[in-house]
*Asks:* 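Have a look at the structure that comes next, please.
Below, chain A is the first sequence line, B the second, and so on; all start at residue 1.
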Protein chains: 2
Amino acid sequence: MTTTEQMRHDLITTLEDRGFRLTKPRRDVATAIETQADAFTAEDLCESLPAVGRATVYRTIKLLVDTGALCKLAMPDGAPKYSLARVGHHHHTVCVRCGKVSDFRDTTVERMLRSLAKEIDGQIVGHRMEVYVDCSDCVP
Amino acid sequence: MTTTEQMRHDLITTLEDRGFRLTKPRRDVATAIETQADAFTAEDLCESLPAVGRATVYRTIKLLVDTGALCKLAMPDGAPKYSLARVGHHHHTVCVRCGKVSDFRDTTVERMLRSLAKEIDGQIVGHRMEVYVDCSDCVP
DNA sequence: CAGTATTATGATACGGATTATCAGTAACAA
DNA sequence: TTGTTACTGATAATCCGTATCATAATACTG
Ligand SMILES: [Zn+2]
Ligand SMILES: [Zn+2]
Ligand SMILES: [Zn+2]
Ligand SMILES: [Zn+2]
């Protein structure tokens, strides 16, 4: 089985494991996501899936984000992008010029959060971090 | 001069220093921001400034964010909030239940970014980090 | 297999949030 | 003061996402 097929399999089985029905539109969305070379917007998926209703695309994305199979990235402006959560928890760099997204992992962030937990009021339930860059394609 | 007057002064002079005209609507927006006890949305300002056009409120907020006088915070859902950048660079905790925003500073993040700069493709031009919490009012 | 209950779909309308338009107005330099 | 230019604000338009709801697909039961 190829890596790509494995990823689709993971997306589909993630939904199946949660008790959701494996419908054709959901399979189509999973396949479309696997063929995205880079991070994508909901609208990107809608365009590549004219046969699937917009509402279903948005609903399926939300399911996959909730199950952790997709990362939702806040962009400086405009619609969020999504990327496959291939390597578990990680963060992203986003080129502010061309929009290219890359992953990175850094345990320093998580260590910082653990020390922060002792200082602040309340319980940490999540975090988000994006690093904005000029990528080497855009600013050589 | 009170601290509050100083903050408004800073907002206004920030715009003046950039060569923007000091108009009454802009002064009104600056004054409204200074009277916000907590982080606020663009709509909060519009409501407290019925005499100022919506577009002008949004335009002034954008100017102040661009100059660094205001922080723009991505919320898990809904419209972004803004807060005065009183203490220089900092990050935020956001209660996912009541929306209360608090500031924190942590040099660990910045240290991580410096080491990250060596690993990644391109130049870091900015970053954003929000820590989501259940605050002690909401989950005692 | 039916037959039935449940869930999912998708066309469409709707909503909130932000931006574009553009004629009129106000700031400010000369 | 006067002319240039930036700014304003009513409104329309846009963008992004969600609610509705009749229809269809799926799973369950006998
Ligand atoms: Zn780039
Ligand atoms: Zn993290
Ligand atoms: Zn709270
Ligand atoms: Zn920082």
Side-chain angles (χ1 to χ4, degrees), chain A residues 11-33 36 39-67 69-83 94 99 128, chain B residues 11-33 36 39-67 70-83 94 99:
Chain A
L11 290 181
I12 286 293
T13 54
T14 296
L15 295 180
E16 188 173 32
D17 290 349
R18 308 282 172 128
F20 296 111
R21 291 181 180 173
L22 302 189
T23 66
K24 179 161 190 313
R26 283 177 180 157
R27 289 173 194 280
D28 291 347
V29 171
T31 301
I33 289 173
Q36 297 288 326
F40 55 91
T41 64
E43 215 51 40
D44 292 336
L45 281 192
C46 289
E47 281 169 27
S48 65
L49 291 168
V52 178
R54 295 167 52 73
T56 297
V57 171
Y58 278 91
R59 285 186 287 233
T60 305
I61 288 173
K62 183 167 289 185
L63 287 179
L64 291 170
V65 170
D66 289 346
T67 61
L70 281 186
C71 300
K72 180 178 182 177
L73 296 90
M75 306 303 287
D77 289 294
K81 289 191 177 184
Y82 301 89
S83 72
V94 181
R128 105 173 305 144
Chain B
L11 290 181
I12 285 295
T13 54
T14 295
L15 294 180
E16 188 172 33
D17 291 349
R18 308 284 172 124
F20 297 111
R21 292 181 179 176
L22 301 190
T23 66
K24 178 159 190 316
R26 282 178 181 160
R27 292 172 193 280
D28 290 347
V29 171
T31 300
I33 289 173
Q36 296 289 325
F40 55 89
T41 64
E43 213 52 39
D44 291 337
L45 281 192
C46 289
E47 282 170 25
S48 66
L49 291 168
V52 178
R54 216 175 202 49
T56 297
V57 170
Y58 278 92
R59 283 187 288 235
T60 305
I61 288 173
K62 185 167 288 183
L63 287 179
L64 290 170
V65 170
D66 289 347
T67 61
L70 281 186
C71 300
K72 180 178 182 178
L73 295 91
M75 305 302 287
D77 289 295
K81 289 190 178 184
Y82 301 90
S83 72
V94 181

*Asks:* Please check if any side-chain donor atom of A/T41 sits under 3.5 Å from a side-chain acceptor atom of A/D44, or the reverse.
*Replies:*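 Side-chain D/A pair, A/T41 to A/D44: present.
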*Asks:* I need the CG-P distance between A/L63 and C/dT7, as an integer number of Å.
*Replies:*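 In whole Å, C/dT7 P and A/L63 CG are 14 Å from each other.
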*Asks:* State, to 0.1 Å, how close A/V94 and A/M75 come at their nearest heavy-atom pair, and which atoms those are.
*Replies:*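 So the two residues come closest at CG1-CE, 3.2 Å.
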*Asks:* Please figure out whether B/V57 or A/T23 has its closest DNA chain D nucleotide nearer the 5' end.
*Replies:*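 This one resolves to B/V57.
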*Asks:* Quick one: is D/dT18 close enough that its OP1 or OP2 comes under 4.0 Å of any side-chain N or O from A/K62?
*Replies:*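 A/K62 to D/dT18 OP1/OP2: side-chain N or O found under 4.0 Å.
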*Asks:* Quick check: on DNA chain C, is the nucleotide nearest B/A42 upstream (toward 5') of the one nearest A/R26, or the reverse? Name the residue that is more 5'.
*Replies:*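 The residue mapped nearer the 5' terminus is A/R26.
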*Asks:* Would you indicate which nucleotide in D/dG17, C/dC28, C/dG10 comes nearest to any side-chain atom of A/T56?
*Replies:*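 Of all the options, the side chain of A/T56 is nearest to C/dG10.
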*Asks:* Go through D/dA19, D/dT5, D/dG9 for me and flag the one nearest to the B/R21 side chain.
*Replies:*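 That would be D/dT5.
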*Asks:* Whole Å only: how far is the CE atom of A/M75 from the P atom of C/dT18?
*Replies:*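 In whole Å, C/dT18 P and A/M75 CE are 17 Å from each other.
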*Asks:* Could you give the CG-to-P distance, from B/L73 to C/dA17, as a whole number of Å?
*Replies:*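 After rounding, the reported distance stands at 16 Å.
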*Asks:* Separation of A/K24 atom NZ from C/dG10 atom C1', in whole Å?
*Replies:*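 Spelled out: NZ on A/K24 to C1' on C/dG10 is 14 Å.
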*Asks:* Output yes when at least one side-chain N/O atom of B/Y58 is less than 4.0 Å from OP1 or OP2 of C/dT18, else no.
*Replies:*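 Yes, because at least one side-chain N or O of B/Y58 sits under 4.0 Å from OP1 or OP2 of C/dT18.
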*Asks:* Does the pair B/D28/B/K24 count as a salt bridge with the N-to-O cut at 4.0 Å?
*Replies:*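 Salt bridge between B/D28 and B/K24, a charged N being under 4.0 Å from a carboxylate O: yes.
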*Asks:* Decide yes or no for B/T60 and B/F20: does some side-chain heavy atom of the first lie under 4.5 Å from some side-chain heavy atom of the second?
*Replies:*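 The answer is no, as the side chains (C-beta and beyond) never meet within the 4.5 Å cut-off.
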*Asks:* Work out which heavy atom in A/S48 is nearest to a heavy atom in A/Q36; give both atom names and the distance.
*Replies:*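 The pair with the smallest heavy-atom distance is OG-NE2, 4.0 Å.
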*Asks:* Within less than 4.0 Å of OP1 or OP2 of C/dA8, is there a side-chain N or O belonging to A/R59?
*Replies:*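 Indeed not, no polar side-chain atom of A/R59 lies that close.
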*Asks:* Check the distance between C/dT18's P and B/D44's CG and give it to me in whole angstrom.
*Replies:*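 The answer, rounded to whole Å, is 11 Å.
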*Asks:* Let me know the distance between CZ of B/R54 and P of C/dC22, rounded to the nearest Å.
*Replies:*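 To the nearest whole Å, that distance equals 21 Å.
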*Asks:* Measure the distance from OH on A/Y82 to P on D/dG17 and round it to the nearest whole Å.
*Replies:*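 About 5 Å, once rounded to whole Å.
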*Asks:* Expressed in angstrom and rounded to an integer, what is the separation of A/E16 atom CD from D/dT26 atom C1'?
*Replies:*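 For the pair A/E16 CD and D/dT26 C1', the rounded distance is 13 Å.
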*Asks:* Just call it for B/P80: base, sugar-phosphate, or nothing, with non-hydrogen atoms closer than 4.0 Å on any strand.
*Replies:*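 Sugar-phosphate: the residue B/P80, judged by heavy atoms under 4.0 Å, touches backbone atoms but no base.
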